[in-house]
Structures are given as structure tokens and as C-alpha cells.
Amino acid sequence: MDQVKAGLVAQAFARTGPFFPTDDRCLSISIAIMMAMLDRGIPATLVIGVRTAPFSAHCWVQLDALLVNDDLETARSFSPILAV
């Protein structure tokens, strides 16, 4: 049931994409999704990851092994350094 709720939250935020033209919004969107999920009692995790060559940082929300607002290929290219 939490996965269904998480999917609905992610879809709602995905529909706002055209209103935010930059690609550098993973932190703000992930925090907003995380807060929306927690408000609904969904035990999600905010994950922050980095890669070194070239340096880049990225974040996403997970519900257990389910990536809520990212795809596995993108998340896999980052090493998680913090999960809250």
C-alpha cells in the first residue's frame, strides 16, 4: 500500500516538471516529495549520493528498494553518502 501511495506522490510532483525549467532541482524536489510522503505516513528515505570523476552530487527518495523520483540507471552512478 505504501508503494501505491508513494507512486501517487511521485506522479503529482512529476506533473510539476514543466513549471521548473532547470535540471538542478533534485534536492528541492526530493525534500518536497519526502515531506509529502512523511505527511501521509509513508516511511521514505532521502538519499544523497556523489561521484568523483567528474565530481557531481545528486539526491533521490526511496521507499525500501523502490526509487520514487529517479531511475535506477541514474541513481546507480552515484555512491550514497547520506540517507535520512
According to a 4.5 Å side-chain heavy-atom criterion applied to Ile, Leu, Val, Met, Phe, Trp and Tyr, with indirect links allowed, do [X] and [Y] form part of one hydrophobic cluster?
X   : Y   : answer
M34 : I81 : yes
M37 : I31 : yes
W60 : L38 : no
L82 : L67 : no
V84 : F78 : no

Nearest heavy-atom neighbours spanning [X] and [Y]:
X   : Y   : result
V50 : A57 : CG1-CB, 4.1 Å
A44 : V61 : CB-CG1, 3.7 Å
S30 : C59 : OG-O, 3.5 Å

Q) S77 side chain to T74 main-chain N or O, any donor-acceptor pair under 3.5 Å? A) yes

Q: Apply the side chain to side chain contact (heavy atoms under 4.5 Å, CB included) test between I42 and each candidate in V68, L63, I33; give the one that qualifies.
A: L63

Q. What distance separates L27 CG from H58 NE2, expressed to the nearest 0.5 Å?
A. 10.5 Å

